[in-house]
Q: 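Would you mind keeping the following structure in view while I ask a few things?
Any value given below was found using the heavy atoms of this structure, including those in side chains, with hydrogens, waters and symmetry copies removed.
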Amino acid sequence: MSLATKANALWEYANPKKFLTTSERVQPYVWSAAIACLVVGLVWGFFFTPDDYRQGSTVKIIYLHVPAALMAINAWLMMLVTSLIWLVRRHHVSALAARAAAPIGVVMTMIALATGAIWGQPMWGTWWAWDPRLTSFLILFLFYLGYIALWEAIDNPDTAADLTSVLCLVGSVFAILSRYAVNFWNQGLHQGASIMRTGAVTGSDTEEKVSNVFFYPLFLCIVGFVLLFIALLLYRTGTEIRARRIKALLARERVGA
């Protein structure tokens with residue numbers, strides 16, 4: 001199958017009816033996989049991994065904090081992609097998918113901020129610091145709130161989709177900063193990326209590597225959060241499509257009356 005043929009096949013899901021039919025068929029499997037990964041990962045991580053030699057039992061917050069933080073950032077990047085599709089191709093499903101993802105992303109951001117504060121207090125001696133990554137993450141949270149508020153404030157759905165897409169483009173700067181702020185600035189309390197650096201914790205790499213005993217359940221939790229996001233996104237996008245259809249039908253009835 002050629003690349004053009006595959007692309008055309010993918011664009012078929014921009015049809016609301018096809019999207020609903022497909023999403024309803026796959027949702028039970030995604031939900032089941034998400035629940036299985038989260039249950040196994042969280043139980044394994046919280047009850048069957050040792051305490052860290054420096055952080056003690058507080059290290060187990062990692063099984064909520066890291067997956068939630070990753071999904072908070074990636075949810076916004078997913079919104080960026082669907083917003084660009086709306087601006088270029090004017091596919092309503094993409095705009096509604098971006099709208100559907102925003103409340104999920106804001107909850108993930110709240111979880112990441114809350115668990116980060118709980119984790120940071122015993123480690124850093126403070127609940128909050130104006131660290132580059134923490135600050136950019138807080139700004140990202142505010143962009144999520146602004147995005148949701150802008151959708152609600154505008155009656156015309158196409159105008160709302162246009163303006164929120166532009167806002168999404170601007171907010172993507174802070175999504176990227178949230179991911180790479182530690183690499184851009186050396187100052188700050190938050191450590192650098194350590195998830196992809198697994199192995200023994202030795203020498204100067206103490207802050208850079210995650211031991212395998214913590215990594216494997218953490219990986220399951222990350223997969224579970226990704227699948228949970230997909231399941232919620234499919235469900236909420238379907239809800240947005242149906243709500244848009246109801247509004248269109250009601251508008252027709254008012255015009256006919």
Q: Contact between Pro67 and Leu218 at the side-chain level, heavy atoms closer than 4.5 Å - yes or no?
A: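 A side-chain contact under 4.5 Å exists here.
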Q: Does a side-chain heavy-atom distance below 4.5 Å link Leu42 with Leu64?
A: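 Side chain of Leu42 against side chain of Leu64, heavy atoms only: contact under 4.5 Å found.
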Q: Determine whether Phe225 and Leu70 make a side-chain contact, defined as any pair of heavy atoms from C-beta on separated by less than 4.5 Å.
A: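 Side-chain contact under 4.5 Å: no.
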Q: List the steps and the verdict of side chain to side chain contact (heavy atoms under 4.5 Å, CB included) for Leu169 and Leu87.
A: CA-CA 11 Å; Leu169 294 176; Leu87 291 174; 4.2 Å; yes
Q: Grouping I, L, V, M, F, W and Y whenever their side-chain heavy atoms are under 4.5 Å apart, do Tyr235 and Met78 come out in a common cluster?
A: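 Cluster IDs for Tyr235 and Met78 differ.
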Q: Under 4.5 Å between any side-chain heavy atoms of Phe229 and Asn74, yes or no?
A: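 Sidechains of Asn74 and Phe229: no contact.
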Q: With rounding to the nearest 0.5 angstrom, report the CG to CZ distance, Leu234 to Phe19.
A: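 Spacing of CG (Leu234) from CZ (Phe19) equals 5.0 Å.
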Q: Could you state the interatomic distance from CG (Leu163) to CG (Asp158), rounded to the nearest 0.5 Å?
A: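 It comes to 11.0 Å.
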Q: With side chain to side chain contact (heavy atoms under 4.5 Å, CB included) as the criterion, how do Leu84 and Arg89 come out once you've worked through the C-alpha distance, each side chain's angles and the decisive distance to 0.1 Å?
A: CA-CA 8 Å; Leu84 288 173; Arg89 300 294 297 264; over 6 Å; no
Q: Same cluster or not: are Val88 and Val170 linked, directly or through other Ile, Leu, Val, Met, Phe, Trp or Tyr residues, by side-chain heavy atoms under 4.5 angstrom apart?
A: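 No, it is not one cluster - the side chains of Val88 and Val170 are not joined through contacts under 4.5 Å.
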Q: Could you give the distance from SG (Cys37) to CG (Leu228), rounded to the nearest 0.5 Å?
A: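 Rounded to the nearest 0.5 Å, the SG-CG separation comes out at 11.0 Å.
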Q: Looking at Phe214 and Pro50, what are the two nearest heavy atoms and their distance?
A: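 Shortest heavy-atom contact: CE2-O, 3.2 Å.
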Q: Tell me the closest heavy-atom pair linking Ser83 and Ser165, and the distance in Å.
A: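 Closest heavy-atom pair between Ser83 and Ser165: CB-OG, 3.5 Å.
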Q: Given side chains that start at C-beta, do those of Tyr63 and Trp44 come closer than 4.5 Å, heavy atoms only?
A: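 A side-chain contact under 4.5 Å is absent here.
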Q: Under the 6.0 Å and 45° cation-pi test, does Arg90 pair with Trp86?
A: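 Here Arg90 passes the 6.0 Å and 45° test against Trp86.
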Q: Would you check if His92 and Pro16 make a side-chain contact, meaning some heavy-atom pair closer than 4.5 Å?
A: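 No - every pair of side-chain heavy atoms lies 4.5 Å or more apart.
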Q: Does Val166 form a side chain to side chain contact (heavy atoms under 4.5 Å, CB included) with Asp162? I'd like the steps, not just the answer.
A: CA-CA 6 Å; Val166 174; Asp162 288 337; 5.9 Å; no
Q: To the closest 0.5 Å, what do you measure between CG (Asn212) and CZ (Phe215)?
A: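 Between atom CG of Asn212 and atom CZ of Phe215 there are 7.5 Å.
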Q: Are Phe48 and Val39 connected in a single hydrophobic cluster, I mean Ile/Leu/Val/Met/Phe/Trp/Tyr linked by side-chain heavy atoms less than 4.5 Å apart?
A: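 Hydrophobic grouping puts Val39 with Phe48.
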Q: With a 4.0 Å cut-off on N to O distance, would you call Glu240 and Arg236 a salt bridge?
A: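 Salt bridge between Glu240 and Arg236, a charged N being under 4.0 Å from a carboxylate O: yes.
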Q: Does atom CG (Asn156) have a neighbourhood of more than 12 heavy atoms from anything else shown, all under 6.0 Å?
A: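 Counting other residues, nucleotides and ligands, CG of Asn156 exceeds 12 neighbours.
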Q: Identify the heavy atoms of Gly105 and Ala75 that sit nearest to each other, and give their distance.
A: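 The answer is CA-CB, 4.0 Å.
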Q: Can you get from Val213 to Phe47 by hopping between Ile, Leu, Val, Met, Phe, Trp and Tyr side chains that sit under 4.5 Å apart?
A: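 Yes: a chain of side-chain contacts under 4.5 Å links Val213 to Phe47.
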Q: Using every non-hydrogen atom in the two residues, find where Trp76 and Tyr144 come nearest and quote the distance to one decimal.
A: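 Distance-wise, the nearest heavy atoms are N-OH, 3.1 Å.
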Q: If the condition is salt bridge (Lys or Arg N to Asp or Glu O under 4.0 Å), which residues does Arg245 pass it with, not counting sequence neighbours?
A: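 Per chain and number, Arg245 pairs via salt bridge (Lys or Arg N to Asp or Glu O under 4.0 Å) with no residue.
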Q: Given Thr49 and Tyr216, is the side chain to side chain contact (heavy atoms under 4.5 Å, CB included) satisfied, shown in steps?
A: CA-CA 10 Å; Thr49 59; Tyr216 295 133; over 6 Å; no
Q: With sequence neighbours excluded, tell me which residues meet side-chain hydrogen bond (donor to acceptor under 3.5 Å, both in side chains) with Asp51.
A: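 Residues passing side-chain hydrogen bond (donor to acceptor under 3.5 Å, both in side chains) with Asp51: none at all.
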Q: Going by atom types alone, do His91 and Asn15 pair a side-chain donor with an acceptor below 3.5 Å?
A: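 Looking only at side-chain atoms, Asn15 and His91 do not form any donor-acceptor pair under 3.5 Å.
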Q: Can you check whether Ser23 reaches Thr237 side chain to side chain, under 4.5 Å on heavy atoms?
A: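 Counting from C-beta outward, Ser23 and Thr237 never come under 4.5 Å.
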Q: Measuring from atom CG of Leu96 to atom OG1 of Thr82, what distance do you get when rounded to the nearest 0.5 angstrom?
A: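 Separation between the atoms: 10.0 Å.
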Q: Quick one: closest heavy-atom pair of Ala97 and Leu233, and the distance?
A: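 Between these two residues, the closest heavy atoms are O-CD1, 3.5 Å.
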Q: Is it the case that over 12 heavy atoms from other parts of the model lie below 6.0 angstrom from the OH atom of Tyr29?
A: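 Count not over threshold, so no.
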Q: Return the CG to CG distance between Leu113 and Leu138, rounded to the nearest 0.5 Å.
A: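 Leu113 CG to Leu138 CG: 6.5 Å, rounded to 0.5 Å.
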Q: Where do Ala72 and Phe137 come nearest, in terms of heavy atoms and distance?
A: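 Shortest heavy-atom contact: CB-CZ, 3.7 Å.
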Q: Kindly indicate whether the side chain of Phe141, heavy atoms from C-beta on, has any atom under 4.5 Å from the side chain of Leu145.
A: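 Yes, close enough: below the 4.5 Å cut-off.
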Q: Would Arg242 and Glu24 pass as an ion pair if we require N to O under 4.0 Å?
A: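 Counted as a salt bridge, because a side-chain N and a carboxylate O are separated by less than 4.0 Å.
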